Amino acid sequence: MFETNPIDLRDLIDDVEEGKIQLPDFQRGWVWDDDRIKGLLVSIARQFPVGAIMTLDADGEVQFQKRPIEGVNLTGSKNPERYLLDGQQRLTSLYQALRYEGPVETRDRPDGKRAIKRWYYIDMQKALYALDHDGDLEDAFISVSETRIERTNFGRTIVLDLSTPNLEFKNHMMPTERIMDDRDWSDEYIDYWRNQDDNHPYGEAREFSRRFYREILQNFTRYKLPVINLGKDTTKEGVCTVFEKVNTGNVPLNVFELLTASLAADDFSLRDDWSHRSERMLSKYGAKGILSGVENTNFLQVIALLATQQRQKEAKAAGGPIPGIGCKRADILDLTLNEYKGWADKVEDGFDSAAKFLHSQFIFAQDNIPYNTQLVPIAALCVELGVELESANAKSRLERWYWSGVFGEAYGSAVETQYARDLVEVAEYVRSNTEPTLVRDVNFGPSRLISLKTRLSAAYKGLYALQMKNGAADWRTGKHLNLTDWHGENIDIHHIFPKRWCENSSSPKVPPRLYNSIINKTPISAKTNRIIGGNAPSQYLPRLRRENSALNSALQTHWLIPQLLELDNFTECFVQRGEAMLGLIGSAMGRQIPGGREAFWAALVSAGFAKPPEVSVLSEADLDTYDTDDDIEFDELGEAAYEEQLAADD
């Protein structure tokens with residue numbers, strides 16, 4: 001339940017100063033810049049709405065580690081009455097500008113990294129002039145440096161000095177930190193001008209001060225902010241939902257930060273624990289290694305999967321209601337400290353085992369993982385199955401499920417439900433050979449192979465790795481590609497028929513939608529690719545044979561027929577290799593993928609590059625299916641660059 005009440009700005013600032021309103025520790029630091037603070041003060045002076053703030057009763061089910069708002073100096077530990085959930089930037093800005101006794105620590109601009117300290121003032125003359133002449137009240141609010149002295153000419157010329165109260169009075173500049181208790185400052189201001197023989201530029205100082213109070217200051221002292229207060233019966237999931245819906249400094253908080261705050265109430269730092277675990281993973285596999293993309297929320301998802309599964313097992317044994325297995329927001333927020341501690345080490349080992357599994361599939365870096373999200377169920381399954389994954393049958397079944405997910409492109413979105421299904425079904429598959437839903441239902445069409453053109457696609461990355469896993473050898477060295485070669489030789493995926501030749505020398509010209517297809521790409525080393533340059537196969541193959549007399553054998557490990565390459569026969573190579581790639585994918589998924597030859601000829605005919613073979617019967621609909629263009633630029637080296645770079649490499 002919640003209630004909305006308008007509360008005096010003065011009372012809110014009092015509650016902040018007394019520690020009655022504090023921040024949950026997961027809230028990020030105060031970040032508003034100088035101009036935005038001045039804009040907020042102008043809005044208050046104009047009686048414009050500045051938005052509601054949201055608080056949560058601190059004596060309910062949800063307990064957080066707390067900290068005071070920046071600038072508040074509490075003596076001893078004080079428990080808050082309410083947590084500030086939304087409106088931190090506004091309330092902190094108002095507290096620091098209107099009550100805090102020191103300069104406001106802010107930034108020079110919205111995206112600026114330079115921290116500055118500023119004092120804020122209202123120019124009394126400009127403020128009243130703006131009211132009298134329909135002017136801009138923004139000009140009346142200024143900020144000055146920490147010294148209260150503004151200079152120009154490289155610091156040699158003072159343009160404004162407010163370093164003493166008398167200088168403030170003389171310049172009619174009221175410090176904003178005196179607004180809420182303005183009486184003393186106003187009396188001192190009046191006394192100052194009386195001592196100047198009442199030589200006030202606007203007549204009598206007292207009347208000027210009273211008018212300023214009525215028309216400007218009262219807008220601050222009587223200002224009310226709408227406060228939405230969440231009752232003590234609000235759940236953790238409800239708090240998380242609030243943070244997803246409201247804007248917290250333009251950086252929404254995630255479930256890890258909320259659980260961090262929740263566990264902090266048990267004197268446990270989830271953030272520190274994750275930091276140590278993350279460092280260990282990075283130190284083992286590198287900053288760009290296979291586990292570098294694992295986020296703290298992924299780690300919690302695996303723990304939630306295993307913890308909820310354990311609860312389910314215990315409920316079944318006790319004969320009670322059977323809870324579900326899951327890793328959604330509510331499941332993560334429901335984790336207890338004992339559950340986290342009980343599973344965390346095992347899950348860290350699970351991610352290590354997941355990394356080794358991906359290495360065995362010839363996936364060596366985070367950028368080459370088809371689906372980073374698929375690491376979550378792999379890690380969970382490694383924990384659940386443990387030594388059961390050591391047998392050849394178990395490994396084969398895990399691999400089949402993995403590649404079915406990659407080529408079925410099943411982990412792009414809405415993955416939490418799939419994770420829970422994987423944990424149960426894949427574990428059962430490994431143990432009893434009962435096919436999981438994913439393996440049984442996913443498919444891969446030949447036309448999808450044609451459309452794979454960029455490494456942004458999971459299936460593109462998957463086929464890159466699968467070619468190396470199935471024995472692809474480098475054309476220059478003849479060595480089968482492995483982890484050592486991948487790092488040392490700069491292995492990447494490159495064109496077989498180079499882009500330059502396809503665009504300029506082939507007859508007819510090969511269109512981009514064909515030459516950029518992964519059918520015309522294969523993993524080779526950077527040096528090999530420089531030998532290829534932008535030349536036709538009939539030109540670069542003799543050069544490669546000078547370095548590798550067994551080149552034909554190496555080409556065959558890439559599912560290429562050397563004689564077709566020698567003839568620069570793009571058409572036959574495209575169809576023949578496309579069929580081989582479908583066979584490779586089908587083998588990984590444990591199924592036959594029919595219709596490849598017809599699909600590849602249809603793509604060639606649709607592009608106007610070939611006539612239909614007599615064995616094919618193609619309709620207009622078949623041709624239209626493959627008429628797509630996704631032209632991507634790729635780096636190619638020409639003849640001169642090849643010679644120069646090869647010499648440099650050697």
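Because the structure is predicted, anything quoted here is derived from the model rather than measured. Computed from heavy atoms alone, side chains included, the values below leave out hydrogens, waters and symmetry copies.
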Discussion item. Is the shortest side-chain heavy-atom distance between Gln556 and Pro562 below 4.5 Å?
Written reply: yes
Show me the donor-acceptor pairs, under 3.5 Å and distance only, between side chains in residues 376-386 and residues at least two apart or in other chains.
from   : atom 1 : to     : atom 2 : distance (Å)
Glu384 : OE2    : Arg431 : NH1    : 3.3
Glu384 : OE2    : Arg431 : NH2    : 3.1

Discussion item. Checking the side chain of Ser278 only, and the main-chain atoms of Ser275 only, is there a donor and an acceptor separated by less than 3.5 Å?
Written reply: no
Discussion item. Checking Tyr419 now: which residues fulfil ring pair (Phe, Tyr, Trp, His ring centres under 6.0 Å) with it, not counting sequence neighbours?
Written reply: none
Discussion item. Could you check whether any side-chain heavy atom of Asp352 comes within less than 4.5 Å of a side-chain heavy atom of Met281, counting everything from C-beta outward?
Written reply: no
Discussion item. Looking at Ser587 and Leu584, would you say the former's side chain and the latter's main chain have a donor-acceptor pair under 3.5 Å?
Written reply: no
Worksheet item: Tell me, do Ile325 and Arg421 make a side-chain contact under 4.5 Å, heavy atoms counted?
Response: no
Discussion item. Per the ring-ring contact (aromatic ring centres under 6.0 Å, His included) rule, what does the pair list look like for residues 520-544, sequence neighbours excluded?
Written reply: none
Worksheet item: What pair of heavy atoms forms the shortest contact from Asn372 to Gly293, and how long is it?
Response: ND2-O, 2.9 Å
Worksheet item: Are the side chain of Ser404 and the backbone N or O of Arg400 linked by a donor-acceptor pair below 3.5 Å?
Response: yes
Practice prompt. Could you give me the CA-CA distance, side-chain angles and deciding distance for Glu399 and Lys469, then say whether salt bridge (Lys or Arg N to Asp or Glu O under 4.0 Å) is met?
Written response: CA-CA 12 Å; Glu399 288 179 7; Lys469 180 176 185 287; 3.6 Å; yes
Item to complete: Measure the CZ-SG distance between Phe570 and Cys502 for me, rounded to the nearest 0.5 Å.
Response: 5.5 Å
Worksheet item: Does the side chain of Tyr515 pick up a donor-acceptor pair with the side chain of Glu503 at under 3.5 Å?
Response: yes
Worksheet item: Any salt bridge between Glu435 and Arg591, counting N to O under 4.0 Å?
Response: no
Worksheet item: Does a side chain donor of either Asp422 or Gln418 reach within less than 3.5 Å of an acceptor in the other side chain?
Response: yes
Discussion item. Any carboxylate oxygen within less than 4.0 angstrom of a Lys/Arg side-chain nitrogen, looking at Lys284 and Glu348?
Written reply: no
Worksheet item: Do Phe600 and Ile450 have side chains that get closer than 4.5 Å, going by heavy atoms?
Response: yes
Practice prompt. Pick out which of Ile491, Thr528, Leu466 makes a side chain to side chain contact (heavy atoms under 4.5 Å, CB included) with Pro523.
Written response: Ile491
Fill in: CG on Asn520 to CD1 on Ile493, rounded to 0.5 Å
10.0 Å
Practice prompt. Would you indicate whether the side-chain heavy atoms of Phe497 and Leu514 approach each other to under 4.5 Å?
Written response: no
Worksheet item: Donor-acceptor pair, Thr373 side chain versus Tyr411 backbone, under 3.5 Å?
Response: yes
Worksheet item: Would you find a donor on one side and an acceptor on the other, under 3.5 Å apart, between the side chain of Asp568 and the backbone of Ser538?
Response: yes
Worksheet item: OG1 of Thr308 to CG of Leu423: how many Å apart, nearest 0.5 Å?
Response: 7.5 Å
Worksheet entry | Of His494, His495, Arg476, the residue whose pairing with Asn529 passes side chain to side chain donor-acceptor pair (under 3.5 Å) | His494
Practice prompt. Taking all non-hydrogen atoms of both residues into account, name the closest pair between Pro594 and Gln592 and its distance.
Written response: CD-O, 3.5 Å
Response to the item:
Residues passing the side chain to side chain donor-acceptor pair (under 3.5 Å) test with Lys313, sequence neighbours excluded, are none
Fill in: Nearest-0.5 Å distance that lies between atom SG in Cys327 and atom CD1 in Ile332
6.5 Å
Worksheet item: When you measure from the side chain of Gln312 to the backbone N and O of Gly324, does any donor-acceptor pair fall under 3.5 Å?
Response: no
Worksheet item: Phe357: what forms a ring pair (Phe, Tyr, Trp, His ring centres under 6.0 Å) with it, not counting sequence neighbours?
Response: Tyr402
Worksheet item: Between His480 and Phe362, is the gap from one ring center to the other below 6.0 Å?
Response: no
Worksheet entry | Pairwise distance OG(Ser432) to CD(Glu428) - rounded to 0.5 angstrom | 3.5 Å
Discussion item. Return the CG to CD1 distance between Leu541 and Ile532, rounded to the nearest 0.5 Å.
Written reply: 8.5 Å
Practice prompt. Compare every heavy atom of Leu300 with every heavy atom of Tyr340, then report the nearest pair and how far apart it is.
Written response: CE1-CD2, 3.9 Å
Worksheet item: Regarding Ser525 and Asp474, is there a side-chain donor-to-acceptor distance under 3.5 Å anywhere?
Response: yes
Worksheet item: So which heavy atom on Leu375 is nearest to which on Ile290, and how close?
Response: CD1-O, 3.9 Å
Discussion item. Show the nearest heavy-atom pair for residues Trp343 and Leu306, with the distance to one decimal.
Written reply: CZ2-O, 3.7 Å
Discussion item. Measuring only between side-chain heavy atoms, which start at C-beta, is Ile363 closer than 4.5 Å to Pro370?
Written reply: yes
Scan the side chains in residues 572-581 for donor-acceptor partners under 3.5 Å anywhere in the protein, sequence neighbours excluded, and list what turns up.
from   : atom 1 : to     : atom 2 : distance (Å)
Gln576 : NE2    : Trp559 : O      : 2.8
Arg577 : NE     : His558 : O      : 2.9
Arg577 : NH1    : Ile519 : O      : 2.8
Arg577 : NH1    : Lys521 : O      : 3.0
Arg577 : NH2    : Gln467 : OE1    : 2.6
Arg577 : NH2    : Thr522 : OG1    : 3.0
Arg577 : NH2    : His558 : O      : 3.3

Worksheet item: With no hydrogens and no angle check, is any side-chain donor or acceptor of Ser457 less than 3.5 Å from a backbone partner on Thr454?
Response: no
Item to complete: Might you work through the side-chain contact (heavy atoms from CB on, under 4.5 Å) test for Glu339 and Arg311, ending with a clear yes or no?
Response: CA-CA 10 Å; Glu339 285 176 323; Arg311 291 179 203 163; 2.7 Å; yes
Practice prompt. May I ask you to test the Leu449-Leu463 pair for a side-chain heavy-atom distance under 4.5 Å?
Written response: yes
Worksheet item: What's the verdict on side-chain contact (heavy atoms from CB on, under 4.5 Å) for Asp349 and Lys346, showing C-alpha distance, side-chain angles and the deciding distance?
Response: CA-CA 5 Å; Asp349 290 340; Lys346 297 176 183 177; 5.7 Å; no
Worksheet item: Is there a donor-acceptor contact under 3.5 Å from the side chain of Glu425 to the main chain of Thr437?
Response: yes
Item to complete: Can you establish whether the number of heavy atoms outside Lys328 located under 6.0 Å from its atom NZ is more than 12?
Response: no
Practice prompt. Check step by step if side-chain contact (heavy atoms from CB on, under 4.5 Å) holds for Glu547 and Ile531.
Written response: CA-CA 11 Å; Glu547 300 200 29; Ile531 293 174; 3.6 Å; yes
Worksheet item: Is the backbone of Phe256 close enough, under 3.5 Å, to the side chain of Asn296 for a donor and an acceptor to pair up by distance?
Response: no
Worksheet item: Any idea which heavy atoms bring Leu582 and Ile593 closest together, and the distance?
Response: O-CD1, 3.8 Å
Item to complete: Taking atom types as modelled, find out whether Arg448 and Ser451 have a side-chain donor-acceptor pair closer than 3.5 angstrom.
Response: yes
Discussion item. Within the 4.5 Å heavy-atom criterion, are Trp501 and Asn535 side-chain neighbours or not?
Written reply: no
Item to complete: Indicate the ring-plane relationship of Phe407 and Trp403, choosing parallel, tilted or perpendicular according to the 30° and 60° boundaries.
Response: parallel
Item to complete: May I ask you to check whether Tyr429 and Trp401 place their ring centres under 6.0 Å from each other?
Response: no
